[in-house]
Amino acid sequence: MTSLTRLLRAAVTAAAALLALTTASATASAAPQHHDGPRAPGDFVALSSVDPTIIQEIRYFTPHNFVGERIDGYRQPLCILTRPAAEALHRAQRQLLRQGYSLKVYDCYRPQRAVDHFVRWAEDLGDQKMKDEFYPRVDKTRLFEDGYIAEKSGHSRGSTADLTIVPLPARPTRPYVPGQPLVPCYAPQDERFEDNSLDMGTGFDCFDTLAHTLDPRIQGQQRANRLLLESTLEKLGFVNLAEEWWHYTYQPEPYPDTYFDFPVSRACLTQGR
């Protein structure tokens with residue numbers, strides 16, 4: 001390992017610590033860890049055990065998401081993946097560190113109970129408290145038809161991650177405060193919710209066609225940033241979902257037809273704790 005790489009890894013670790021401080025209040029309220037209920041297969045691991053330098057900002061553990069509350073099944077702000085997917089992200093991180101960047105994950109394995117939570121929310125047409133940020137141009141009655149919400153998610157199979165790229169040194173981001181004014185997810189970067197990532201043209205989980213990876217309206221540096229993420233990950237076996245610039249699935253998936261429901265918790269893992 002070169003001295004430059006060691007410095008970059010140290011910078012990412014420090015950045016992750018700063019990010020953890022900004023979300024300390026949310027983390028402190030994590031549900032106690034129990035061993036009841038379903039457990040993960042042995043080849044599921046915590047990403048931090050494979051690469052502790054990848055920044056984690058698990059949005060569904062917080063109220064800053066399109067539902068506006070912590071999502072069912074997220075007992076800890078933790079990225080869990082199948083080991084092959086986690087090791088592939090580690091290889092991507094090594095490449096990005098040499099370029100002065102770090103990966104940041106927003107979501108990884110997602111239990112079926114979380115997907116069920118999304119479905120219940122989508123069926124409640126009266127709950128639109130997060131509309132102004134996450135789906136300002138989409139009528140909530142169309143969320144299923146337009147493909148933004150579904151009864152099954154590839155995330156539940158364990159090899160899919162939502163992620164972005166952060167320039168180093170990573171700056172801390174302010175925490176979301178429920179009730180604060182919301183800005184459309186496609187607004188200019190200096191207007192929408194603060195994120196320390198490269199400008200990808202929209203925020204994470206933006207229910208809008210501008211979030212399509214190759215939308216022709218996204219040009220210049222925003223397009224270059226999306227292509228950097230895409231080229232880095234696709235060379236290592238990940239496949240992008242064309243409708244979401246942040247969504248990548250490692251291929252071949254160890255569990256292509258299985259949708260798991262164990263909670264997002266270290267207590268549910270047999271490895272990578």
Side-chain angles (χ1 to χ4, degrees), residues 55 57-60 62-68 71 92 96 101-108 110 114-115 118-119 121-122 125 127-155 160-167 170-171 173-174 176 180-234 238-249:
I55 299 170
E57 186 180 322
I58 307 302
R59 289 284 186 88
Y60 299 141
T62 79
H64 187 221
N65 58 66
F66 56 85
V67 176
I71 304 304
L96 289 170
Y101 298 114
S102 172
L103 288 172
K104 179 172 78 171
V105 292
Y106 296 112
D107 191 40
C108 299
R110 180 184 307 163
V115 179
F118 292 165
V119 170
W121 166 82
L125 299 182
D127 182 354
Q128 302 199 28
K129 60 179 174 288
M130 302 300 286
K131 177 179 175 63
D132 288 348
E133 178 174 353
F134 291 95
Y135 54 108
R137 295 192 285 214
V138 178
D139 191 287
K140 196 174 181 184
T141 60
R142 295 190 56 85
L143 292 181
F144 290 103
E145 184 176 352
D146 290 352
Y148 293 113
I149 301 294
E151 294 184 353
K152 295 289 185 181
S153 169
H155 282 272
T160 295
D162 294 335
L163 66 174
T164 189
I165 294 175
V166 174
R171 58 181 175 82
T173 57
R174 61 181 173 83
Y176 167 76
Q180 71 181 56
L182 301 176
V183 177
C185 53
Y186 49 73
Q189 186 181 38
D190 60 353
E191 296 179 18
R192 61 181 183 261
F193 184 81
E194 182 180 348
D195 194 319
N196 59 359
S197 75
L198 296 177
D199 185 2
M200 298 290 184
T202 77
F204 165 62
D205 257 358
C206 189
F207 292 4
D208 196 275
T209 54
L210 278 173
H212 293 188
T213 306
L214 298 179
D215 187 287
R217 293 168 293 177
I218 300 297
Q219 294 294 326
Q221 191 59 53
Q222 294 174 337
R223 188 176 186 86
N225 293 340
R226 291 187 183 189
L227 293 178
L228 174 61
L229 180 63
E230 181 183 49
S231 63
T232 301
L233 293 176
E234 289 194 342
F238 287 92
V239 177
N240 175 239
L241 178 66
E243 291 77 19
E244 299 177 350
W245 61 256
W246 54 82
H247 179 118
Y248 285 84
T249 299

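Predicted model, so just to flag it, every value in this text is computed and none were measured.
- Residues Pro136 and Tyr186 are in side-chain contact: their nearest non-hydrogen atoms beyond the backbone lie under 4.5 Å apart.
- The ring-ring contact (aromatic ring centres under 6.0 Å, His included) check on Tyr106 picks up Phe204, with sequence neighbours excluded.
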Subject >> Stepwise side chain to side chain contact (heavy atoms under 4.5 Å, CB included) check, Val115 with Lys152 >> reply: CA-CA 7 Å; Val115 179; Lys152 295 289 185 181; 5.7 Å; no
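- Here the side chain of His155 pairs a donor or acceptor atom with the backbone of Cys108 at under 3.5 angstrom.
- The ring-ring contact (aromatic ring centres under 6.0 Å, His included) test applied to Tyr248 returns no partner, not counting sequence neighbours.
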**OP:** Evaluate the side chain to side chain contact (heavy atoms under 4.5 Å, CB included) criterion for residues Leu143 and Val138: first the C-alpha distance (whole Å), next the side-chain angles of each, then the deciding distance (0.1 Å), finally the verdict.
**Re:** CA-CA 8 Å; Leu143 292 181; Val138 178; 3.9 Å; yes
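- Looking only at side-chain heavy atoms (C-beta outward), Phe66 and Ile149 come within less than 4.5 Å of each other.
- Put simply, CD1 on Ile55 and CD1 on Ile165 are 11.5 Å apart, with the number rounded to the nearest 0.5 Å.
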**OP:** Applying side chain to side chain contact (heavy atoms under 4.5 Å, CB included), run through Leu229 and Leu103 and close with a yes or a no.
**Re:** CA-CA 9 Å; Leu229 180 63; Leu103 288 172; 4.2 Å; yes
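- Pairing each heavy atom of Glu151 with each of Val119, the nearest pair is CA-CG2, 4.0 Å.
- Looking at heavy atoms from C-beta onward, Thr249 lies out of side-chain contact with Leu241 at the 4.5 angstrom threshold.
- Asp205 contributes atom CG, which lies 10.5 Å from atom CE of Met130 (distance to the nearest 0.5 angstrom).
- With values rounded to the nearest 0.5 angstrom, Asp199 atom CG is found 9.0 Å from Asp190 atom CG.
- Residues Arg110 and Ser153 come closest through the heavy atom pair NH1-OG, 3.4 Å.
- Minimum heavy-atom separation, Thr173 to Glu194: CA-OE2, 3.8 Å.
- Distance check, rounded to the nearest 0.5 Å: CD of Gln221 to CD of Gln189 gives 10.5 Å.
- Checked against the 6.0 Å centroid threshold, Tyr135 and Tyr148 do not count as a close aromatic pair.
- Panel note: side chain Lys140, backbone Asp127; a donor-acceptor pair is recorded below 3.5 Å.
- Every ring-ring contact (aromatic ring centres under 6.0 Å, His included) that His64 has, sequence neighbours left out, goes to Phe134, Tyr176, Phe193.
- Every ring-ring contact (aromatic ring centres under 6.0 Å, His included) that Tyr60 has, sequence neighbours left out, goes to Tyr74, Phe118.
- When each of Thr232, Asn225, Leu228 is paired with Tyr101, the side-chain contact (heavy atoms from CB on, under 4.5 Å) condition holds for Leu228 and for no other.
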Which atom pairs, donor and acceptor, lie under 3.5 Å between side-chain atoms of residues 212-220 and protein residues at least two apart or in another chain?
unit_1, atom_1, unit_2, atom_2, d
Thr213, OG1, Asn240, OD1, 2.6
Asp215, OD1, Arg217, N, 2.9
Asp215, OD1, Arg217, NE, 2.9
Asp215, OD2, Arg217, NH2, 2.8
Arg217, NH2, Thr209, OG1, 2.8
Gln219, NE2, Pro216, O, 2.7

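- Here the closest heavy-atom approach between residue Thr164 and residue Met200 is recorded as OG1-CE, 3.7 Å.
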**OP:** For side chain to side chain contact (heavy atoms under 4.5 Å, CB included), just list the numbers for Asp146 and Phe207, CA-CA rounded to whole Å, side-chain angles, deciding distance to a tenth of an Å, and then say yes or no.
**Re:** CA-CA 9 Å; Asp146 290 352; Phe207 292 4; over 6 Å; no
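- Cation-pi geometry between Lys104 and Trp246 is not met at under 6.0 angstrom from the ring centre and within 45 degrees of the axis.
- Residues satisfying the side chain to side chain contact (heavy atoms under 4.5 Å, CB included) criterion with Ala187, sequence neighbours excluded, are Val183, Glu191, Arg192.
- Across all their heavy atoms, Gly154 and Thr160 have their closest contact at O-OG1, 3.7 Å.
- To the nearest 0.5 Å, the span separating CG on Leu163 from CZ on Phe238 amounts to 7.5 Å.
- Summarising the geometry, atom CD belonging to Glu57 is positioned 8.5 Å from atom OG belonging to Ser197; distances are rounded to the nearest 0.5 Å.
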